[in-house]
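One structure below.
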Amino acid sequence: MLVARILSAIATIWLATTLAFVALRILPGDPVSAQAGEAGLSSSQAEYQRELLGLDQPLATQYITYWRGISAGDWGTSLYTGLPVTIMIAQQALPTFQLAVSSMLVATLLGFLLGYLAVFGQLNLIRHVSALLIDLSLAVPIYWTGTLVVFVVAFWVDDLRNQLWIPATVLGFHVSSGLARMVRTQLHDALKQPYVTVARSQGLLPRTIRQKHILQPILATLLPVIVLQFGYLLSGTVITESIFQRTGIGSVLLRATLLQDYPVVQGIVLLMAIIYTVLTLISDFGVALLDPRIRQGSS
Amino acid sequence: MRVSSRRIMLALIFWLICFLLLPPLLTSASPTQTHPDQQLRLPSADYLLGTDYLGRDIWSRLLYGGQNTLLQAGLSTFIAMTIGSALGIVSAISRSIVDRLLVALINAMLAIPGLLLALVLLTLLGRGSGALIAAIGITQIAPVALIVRTATQQVLLTDYMLASYAMGATSWHRVRVHVLRMLTPLLLTYGLVVFGYAIMNGAALAFLGFQSPGTADWGVMLAEARNSFRLTPWPALPPGLAIIVTMMLLNRIVTQRDKHTNG
């Protein structure tokens, strides 16, 4: 079961990379002609570029060369900077990693808090405000919140580029929506469970019921949602880095896409697919660990 | 507080019609005509919602921008729903090898988070409306296919499908008569979800620079509002609020339909 799941994850990554590889080569317009148009290359120069990149080879040969490179740690070279893709990624990894981790932290805390308060808030007002914030985090585009935050914060903060928590909070708020909605629904459902009624009839304290009978059982169902949110967060880093003018993998990817620098795009997407798939894998096992029902069902 | 879902549906339809059909009636100003002497005006009798950094009429840009943004999102949704449903149904009714291949393909597409897959496609499709419609539509195919596949499998397990099979109905007949009919409510709800994604992601990519500059489009308007942000935040408000209202209406309908179908 464990080995099969890992093998299928590897197959998924391989297939995703192959899809990206094929798509980038069979879609109309290869990167060299796109470049040639902008840089004003002559047709013989473009031919030379193609030969240099191996684009004149048959697709199958290119594909083998590509995988040989990947397995040897050579993820290709940028068409623009001339730097190896792995170095470009490594140079920019830290700021994106910091942004992703802190946003995820904000998103998870906020998701739990808003979902919890929307159900168990002491005052009507708290419940309504939480519900409104959940609705807004889903309906308001992050590039709008981000732009407004930049405008407001610019009065107090001189150099936004070095701030981590401001973009992390904005991104985290938007990523929290899925988790918050899930927490809210699950809490509502858990309240109706027979064992909660039984616990109540036994005279347990409301707080004990909440902790032991309501919150604990739903944790396992939330783990996959958190990982799913991480995929949304990876997309979000591209927009966030652009709005807050941060350096990072997201902004490298955006620039590479606009310049049609396909080795860079391909390398970053491969990396993201690996991260995302590995996290999904971990969450599958985490769920099995947390939830005895699933663990017993699978063994 | 409770508003009936029919009313919200009507509100959404009215809202969409305003932007899709009515712009020529609601304004006579051009969305692209610049007025160099009228830059960054606040709302007035001449300019209902003021002007942007090039002196263009924001009210007119908002209306025509909505037309572009919503029409593009609609076309992307159409691509995602038709191809996604077809793949999902074929996968569910096929023999195991075809089903397995399709599921592997769907999973591979899902391994690349939404906006990143769109960026891969845009790397070669380039910029402009056509590229955006295709990229966003293709990005949503896999999630649609996965949901439709699961739903179809559930329909296939019902007794009346067995009865229909026993009576010798062809698979095509069973899909057309039973599966599609049973799936219609789900497809409608999920279509609205995809439409929402398409609006958000379409505007995001337009914002990031994948729409031709100057186009009347909510995402482009937000991006351009950044040009004058040190002077006034005003031009960012109308397109932002328009997206929020659209998304609020969509999300509300989807939530209510979900509750309705899940009991």
Side-chain angles (χ1 to χ4, degrees), chain A residues 8-9 11-20 23-31 34 128 135-136 138-145 147-148 150-152 154 181 230-236 238-239 242-243 253-254 256-262 265-266 268-269 272-274 276-277 280, chain B residues 1 101 104-127 134 138 196 199-201 203-210 218-219 222-223 225-226 229-230 232-233 236-237 239-241 243-252 254-255 258-259 262:
Chain A
S8 106
T12 301
I13 293 173
W14 166 76
L15 197 58
T17 322
T18 306
L19 278 183
L24 284 171
R25 279 161 186 80
I26 61 165
L27 284 174
D30 74 82
H128 282 305
D135 279 354
L136 283 178
L138 197 67
V140 181
I142 180 172
Y143 33 94
W144 195 66
T145 330
T147 316
L148 290 187
V150 169
F151 175 72
V152 174
R181 281 161 69 97
F230 194 79
Y232 179 44
L233 184 134
L234 287 180
S235 311
V238 180
I239 302 173
S242 158
I243 298 171
L253 174 63
L254 180 62
T257 308
L258 285 164
L259 291 170
Q260 306 195 303
D261 190 350
Y262 79 93
V265 174
Q266 203 162 295
I268 294 179
V269 165
M272 299 283 191
I274 291 175
Y276 190 49
T277 310
T280 318
Chain B
M1 277 297 275
L101 279 176
L105 193 75
I106 293 167
N107 279 333
M109 282 178 81
L110 287 175
I112 307 173
L115 202 65
L116 301 180
L117 184 58
L119 286 176
V120 174
L121 294 166
L122 286 170
T123 304
L124 277 193
L125 291 174
R127 303 175 202 184
I138 295 171
I199 293 173
M200 280 297 229
N201 283 343
L205 290 168
F207 178 85
L208 291 175
F210 291 97
W218 288 345
L222 282 174
R226 290 202 288 180
F229 229 74
R230 302 277 164 211
T232 165
L237 294 179
L241 289 174
I243 295 178
I244 294 170
V245 171
T246 317
M247 292 306 295
M248 283 283 211
L249 288 170
L250 280 171
N251 292 340
R252 195 49 73 82
V254 169
T255 314
D258 264 352
K259 266 190 200 144
N262 294 337

Atom group of Y143(A) that falls short of 4.5 Å from chain B, counting heavy atoms: both

Between P113(B) and A111(B), the two heavy atoms sitting closest are CD-O, 3.4 Å

I need the R127(B) CZ to Q260(A) CD distance, nearest 0.5 Å. 8.0 Å

Can you name the closest pair of heavy atoms from R226(B) and T147(A) and give their distance? CG-CG2, 3.7 Å

With no hydrogens and no angle check, is any side-chain donor or acceptor of W218(B) less than 3.5 Å from a backbone partner on I243(B)? no

Which atoms of T277(A) approach chain B - backbone, side chain, both or neither, heavy atom under 4.5 Å: side chain

Whether S242(A) side chain and V238(A) backbone form a donor-acceptor pair below 3.5 Å: no

Under 4.5 Å from any heavy atom of chain A, what part of A118(B) do you find: side chain, backbone, both or neither? neither

From the list I268(A), I243(A), T18(A), the residue making the most non-hydrogen contacts under 4.5 Å with chain B is I243(A)

Side chain, backbone, both or neither: which part of L122(B) has an atom under 4.5 Å from a heavy atom of chain A? both

Heavy-atom cut-off 4.5 Å, strictly under: side chain, backbone, both or neither for L117(B) against chain A? neither

Is it the side chain or the backbone of N251(B) that comes within 4.5 Å of chain A heavy atoms, both, or neither? side chain

Less than 4.5 Å to any heavy atom of chain B: does that hold for the side chain of L19(A), its backbone, both, or neither? side chain

In terms of heavy-atom pairs under 4.5 Å, which option from G196(B), A204(B), A236(B) contacts chain A the most? A204(B)

Hey, which of L138(A), I239(A), D135(A) has the most heavy atom pairs under 4.5 Å with chain B? L138(A)

Quick one: closest heavy-atom pair of I138(B) and M109(B), and the distance? O-CE, 3.5 Å

Side chains of L249(B) and V245(B), heavy atoms from C-beta outward: is any pair under 4.5 Å? yes

In terms of heavy-atom contacts, T257(A) and L119(B) come closest through CG2-O, 3.2 Å

For the student: nearest non-hydrogen atoms of L222(B) and W144(A), plus distance: CD2-CD1, 3.3 Å

What part of L105(B) is in contact with chain A, defined as an atom under 4.5 angstrom from a non-hydrogen atom: side chain, backbone, both or neither? both

Using heavy-atom distances under 4.5 Å, tell me whether V140(A) contacts chain B through its side chain, its backbone, both, or neither. both

Between A11(A), A16(A), G231(A), A139(A), which has the largest tally of heavy atom pairs under 4.5 Å with chain B? A139(A)

Heavy-atom distance under 4.5 Å to chain A: side chain of T255(B), backbone, both or neither? side chain

Structural part of L253(A) lying under 4.5 Å from a heavy atom of chain B: side chain

Taking the side chain as everything from C-beta on, heavy atoms only, tell me whether L258(A) gets closer than 4.5 Å to F210(B). yes

